[in-house]
Amino acid sequence: MGIVIGILKTVGVILLIILAALLLILCLVLFVPVRYRARGEIPAEGKPHGIIRLTWFFSFLSYSLEYDTGKYEKNYLSQLKICGFRFRMKQKVPKAAAGDEKKSVPGGDDAGKSAEEEKKPENEGQCSGEAVQKVQKLQEKDTGKERSAQGREDGSCKGEEQKGEEIKGKKPEEESEQESKPEGKSNKESEEKKTDSRKTAWWVRLSDMLSSFFKAVKETFQNIQYTISKLCDKIKQIRDNIDYYIDVLTLDETQLILKNVHGEAGRLLRHLRPRKMKVDFIVGTGDPASTGQILAIHGMLYPIIGETVHISPDFEKPRLEGEFDIRGRVRFVVAFAAVLRIILDKKTWRFVRRLKKEEMTNGRKK
């Protein structure tokens, strides 16, 4: 028993250590903020560049994305750091470059093919000389036999050709006599049929044309009636849906839910807002009217952004230059708490059921 109790104690201690580690990691993720910084410059002469950096837990984990035209292969570089160890994201090499490397290999397939082609004619010449000598010897032996056989074949072939010519000469004459006899009857019958068909063809054609025309008219009217009825049903359904959703949105309970969501979203945006921000730009579009519109928008946003964003207009020529530096932090616990406050509210679920058109009795789904 003492051994079993000791084993259970060790297992319990290990489980408690694992649970404490998980709770510690969860607390670090929720409460330790993720800090962000974005800075860059657009010079009057030169290429723009900028960098975005995210850090967490005293730079234990950091990620950076740098943009600089002409400095990197694809004008940007992304890298991840864990405990100071750098991990760069690999950039794919285009396929065309790999194909060019294969083609540029010296002494490749062409060299091998040329060497084989040079070797082939020598071997073929030796083999062809021996084969010619053997064929000549065999031909000399078979000449006597072939001549005797040719004499017999010539005699038999001449006899068969004469018989064939006689048969051919007779057949066309007999066929022409036989064909000439029924031609008169067939011509008379064909003429009689043509006259009968001419008498009845225009009645048949007219009746076919009228029947096909009336069928087409009937089908078109049926299709038009079907499409109109279907379109009216759809319009009625859309109108009913609009009326239903308007009624749902005008309920007092729905208005309370929307106010709650609006308040939580505003709280989250205030938390995400940069702590420090410095933006200084010179803007010119070449048109004084559009430049003035940009300044008007900046004036409307002044209560939110304050003096952190400074814009100097240039009404004479198109121009964009300046620099920016933005810093802030985000805690996941704030976003998590806002989402929980919305989800755990019963009014929210009732609103979702109404949007799905689910029937309810006493606040419960049927």
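All values derive from a computational prediction rather than experimental measurement.
Taken to the nearest 0.5 Å, the OG1 atom of T308 stands 11.0 Å off from the CG atom of D280. Atom NZ of K234 sits about 8.0 Å away from atom CG of L231, to the nearest 0.5 Å. The CZ atom of R86 lies 8.0 Å from the OG atom of S64; values are rounded to the nearest 0.5 Å. Note that CD1 of I238 and CG of D243 are 12.0 Å apart. Values are rounded to the nearest 0.5 Å. Annotation: the span from E264 atom CD to L340 atom CG amounts to 10.0 Å, rounded to 0.5 Å. Distance check: I342 CD1 to D345 CG gives 9.0 Å after rounding to the nearest 0.5 Å.
Summarising the geometry of P33 relative to R329, their closest heavy-atom pair is CB-CB, 4.1 Å, with the distance given to 0.1 Å. When all heavy atoms of P43 and P48 are compared, the pair lying nearest together is CD-CA, 4.0 Å. Residues F315 and L295 come closest through the heavy atom pair CZ-CD1, 4.0 Å. Across P313 and T291, no two heavy atoms sit closer than the pair CB-CG2, 4.0 Å. Of all heavy-atom pairs spanning N75 and T69, the tightest one is OD1-CA, 3.7 Å. The heavy-atom pair separating L65 from S78 by the smallest distance is CD1-CB, 3.8 Å.
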Between K278 and H310, is the side-chain contact (heavy atoms from CB on, under 4.5 Å) condition met? List the steps. CA-CA 8 Å; K278 183 182 178 182; H310 180 69; over 6 Å; no
Taking it one step at a time, do R273 and L269 satisfy side-chain contact (heavy atoms from CB on, under 4.5 Å)? CA-CA 6 Å; R273 189 174 59 183; L269 288 174; over 6 Å; no
Go through the steps to decide whether R331 and L30 satisfy the test side-chain contact (heavy atoms from CB on, under 4.5 Å), and finish with yes or no. CA-CA 6 Å; R331 283 191 177 93; L30 290 176; over 6 Å; no
Chi angles and distances behind the salt bridge (charged side-chain N to carboxylate O under 4.0 Å, His left out) call for E253, R354: CA-CA 12 Å; E253 188 177 351; R354 288 193 184 97; 3.5 Å; yes
side-chain contact (heavy atoms from CB on, under 4.5 Å) for F351 and L251? Distances and angles first, verdict last. CA-CA 10 Å; F351 176 67; L251 292 172; over 6 Å; no
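Between H49 and R39 there is no side-chain heavy-atom pair separated by less than 4.5 Å. When side chains are defined from C-beta on, V248 counts as touching T254, because their heavy atoms get closer than 4.5 Å. With contacts defined as side-chain heavy-atom distances shorter than 4.5 Å, the pair L272/V330 qualifies. A 4.5 Å side-chain heavy-atom check between F324 and M277 finds every atom pair outside the cut-off. Under the 4.5 Å side-chain criterion, counting only non-hydrogen atoms from C-beta, R341 is not in contact with L344. Contact annotation: the side chain of Q237 never approaches that of D240 to less than 4.5 Å [non-hydrogen atoms, C-beta and beyond].
Listed by first and then second residue, the salt bridge (Lys or Arg N to Asp or Glu O under 4.0 Å) pairs involving residues 23-37 are R37-D325 (not counting sequence neighbours).
Within 6.0 Å of OH on Y244 lie more than 12 heavy atoms contributed by other residues, nucleotides or ligands. The 12-atom threshold is exceeded at CG of D233, counting heavy atoms of other residues, nucleotides or ligands nearer than 6.0 Å. In the displayed structure, L26 atom CG is contacted under 6.0 Å by more than 12 heavy atoms of other residues, nucleotides or ligands. Applying the 6.0 Å contact sphere to OH of Y245 captures more than 12 heavy atoms from other residues, nucleotides or ligands.
Under the 4.5 Å side-chain heavy-atom criterion for Ile, Leu, Val, Met, Phe, Trp and Tyr, I311 and L320 are members of the same hydrophobic cluster. Connection of Y76 to I52 is not established within any shared hydrophobic cluster, with ILVMFWY side chains joined at heavy-atom distances below 4.5 Å, either directly or through further cluster members. Two different hydrophobic clusters hold L77 and I51 under the rule that ILVMFWY side chains link at heavy-atom gaps under 4.5 Å. A chain of hydrophobic side-chain contacts below 4.5 Å, direct or via other Ile, Leu, Val, Met, Phe, Trp or Tyr residues, connects V334 to F31. Note on V339: it does not cluster hydrophobically with F332, by side-chain heavy-atom contacts below 4.5 Å among ILVMFWY residues.
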Under 3.5 Å, which donor-acceptor pairs do the side chains of residues 209-223 form with other protein atoms, sequence neighbours left out?
unit_1, atom_1, unit_2, atom_2, d
S211, OG, S207, O, 3.2
S211, OG, D208, O, 2.8
S212, OG, D208, O, 3.0
S212, OG, M209, O, 2.8
T220, OG1, A216, O, 3.1
T220, OG1, V217, O, 2.6
N223, ND2, E219, O, 3.1

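Each of I18, L16, V11 was checked for a side-chain contact (heavy atoms from CB on, under 4.5 Å) with I14, and the lone residue meeting it is I18.
Looking at K347 and N260, their side chains never bring a donor and an acceptor atom within 3.5 Å of each other. Side-chain contact annotation: Q79 with Y63, donor-acceptor N/O pair under 3.5 Å absent. When only modelled atom types and interatomic distance are considered, T55 and S62 share no side-chain donor-acceptor pair under 3.5 Å.
W349 contributes a side-chain N or O that, together with a main-chain N or O of I343, makes up a donor-acceptor pair within less than 3.5 Å. The backbone N or O of P318 lies less than 3.5 Å from no partner atom in the side chain of T285, so there is not a single donor-acceptor pair.
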